[in-house]
Amino acid sequence: MELVEERPWRFRIERRGAMRVPGVVFASRDLLGDAEQSLEQVVNVATLPGIVGASYAMPDIHWGYGFPIGGVAATDVEEGGVVSPGGVGFDISCGVRLLVADTDRRALRSALPAVMDGLDRAIPRGAGPGGVWRPTGQGQLERLLEGGSRYAVAEGYGEDRDLARCEDGGAVADADVTQVGERARERGIGQVGSLGSANHFLEVQRVAEVYDETAAAAFGLAPDQVCVMIHCGSRGLGHQICTDHVRAMDRAMARYGITVPDRQLACTPVDSPEGRAYLGAMAAAANYGRANRQFLSDAARRVFQRAAGARLTLVYDVSHNLAKIETHAVGGARRRLCVHRKGATRAFPPGHPDLPEDVRAVGQPVLIPGTMGTASYVLAGVPGGDAFFSTCHGAGRVWSRHRAARTVVGRELGARLERDGIAVRPRSWRGLSEEAPEAYKDVSAVVAASERAGLCRTVARLVPLGVVKG
DNA sequence: ATGTCC
């Protein structure tokens with residue numbers, strides 16, 4: 001793959017063949033390493049009908065289903081632009097929520113083991129069913145799919161202020177529960193309020209370093225303050241919705257005269273029955289993911305209150321797997337675009353009207369989950385943010401799960417983390433080994449590349465004190 | 001990511 005270095009941290013893949021736009025990759029050659037397969041996916045995405053600007057890739061790009069993870073693609077709705085479930089991924093609305101405690105590391109030290117034991121009991125995780133919320137009446141799942149975090153708060157699992165600090169106020173509009181299949185509902189009903197497995201986690205962290213005091217203060221972050229980060233998605237419900245709608249689009253594509261270089265890029269126009277059906281179901285899954293994080297926040301709050309007498313306040317909740325209809329400037333005109341972000345985080349600039357008033361002046365909080373034993377980051381959106389105001393989403397996997405499990409012994413990793421002062425509460429040792437830090441890129445390098453590429457700025461680094469994993 | 005293959 002020929003990459004032309006336009007400027008440091010920004011590479012271009014020139015248009016050729018069926019590409020409608022060029023590819024743009026924000027990274028260094030070091031970070032890209034052996035990314036040949038995922039760069040081929042960047043090229044494939046550039047062929048989608050209606051795509052505008054470029055097929056973008058973030059510094060944490062790696063191979064995914066159809067689209068690369070770390071990919072951003074926007075299509076023009078009025079110009080026949082398509083929506084593709086592969087551009088969102090199987091874990092619809094996977095995202096991150098950060099809460100801050102009214103205590104610092106010193107004050108929490110003696111209570112930390114009790115907090116971790118409490119979280120160990122209170123946080124459902126791992127594959128399969130189990131969640132903190134159980135429906136007790138008719139139509140509750142439907143109301144949750146329409147209301148997201150708002151529904152959870154209305155049911156008593158949070159406070160109104162939480163909603164002001166959620167992307168979209170806690171719920172995506174236009175969820176269409178009639179497009180959520182029976183099987184998706186069956187899988188979803190028993191998993192509300194659960195982490196799931198793989199790289200999903202709940203961590204107790206501390207603010208290790210503040211890089212931007214103004215933004216950190218606006219977000220409510222101070223050095224050594226204790227935080228809780230929750231990284232999870234829409235579990236089996238989102239997975240089933242993706243499966244169902246990929247199949248429907250794969251069948252329907254030919255009727256719209258659409259051909260794609262990879263069947264995993266199945267898509268139809270946004271403005272088509274299949275496109276609207278997917279977006280309606282996707283919005284429902286997005287709300288499920290948000291409600292999921294809201295219910296888990298409530299569970300964590302109860303543990304912190306009981307075990308440490310500490311209160312948790314929401315900083316922000318943002319997804320990194322979603323397609324959204326947004327208005328952006330394209331070639332000097334305002335256009336309605338379907339922006340696919342898959343393993344990429346929305347990063348609205350300072351002053352954006354959709355941001356909560358109390359953080360608007362400094363830009364959107366962007367939450368980047370790192371890997372166990374390393375660090376996570378809080379970033380902020382910047383003016384003129386490229387790629388439709390998007391940035392990275394995490395470290396980015398470099399070893400397969402299989403290779404990680406083969407190379408790393410879970411118990412040894414657990415002991416290593418404990419020696420480094422990180423309390424670990426895994427559900428399985430195998431699961432822990434698959435998520436070993438060495439299986440990922442260096443999250444600090446990914447964040448630095450994103451900042452230098454002009455996509456965001458770094459606000460604070462968080463390091464783990466305790467890890468709860470599936 | 002995922003009742004890690006209907």
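Residue numbers start from 1 in every chain, and the chains themselves are labelled A, B, ... in the order their sequence lines are given, proteins ahead of strands. Note that the structure is a prediction, hence the values are computed from the model and not measured.
Results of the side-chain contact (heavy atoms from CB on, under 4.5 Å) test with A/L462 over A/L98, A/V226, A/L367 single out A/L98 as the only residue that passes.
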Can you pull every protein N or O that's under 3.5 Å from an N or O on nucleotides 4-6 of chain B?
none

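Counting non-hydrogen atoms under 4.0 angstrom, A/R235 reaches the backbone sugars and phosphates but no base. Among the atoms of the strands shown, only primed sugar atoms or phosphate atoms (P, OP1, OP2) are found under 4.0 Å from some heavy atom of A/G236.
The aromatic rings of A/Y56 and A/F26 sit parallel to each other, their planes meeting at less than 30°, with 60° as the upper class boundary.
At whole-Å resolution of the value, NE2 in A/H245 and P in B/dT2 are 19 Å apart.
A salt bridge links A/R302 to A/D298: one of the charged nitrogens lies within less than 4.0 Å of a carboxylate oxygen. Using a 4.0 Å cut-off between charged side-chain N and carboxylate O, A/R290 and A/E167 make a salt bridge.
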Inset, instruction - Show your working on side-chain hydrogen bond (donor to acceptor under 3.5 Å, both in side chains) between A/S84 and A/Y278 and close with a plain yes or no. - result: CA-CA 9 Å; A/S84 174; A/Y278 171 69; over 6 Å; no
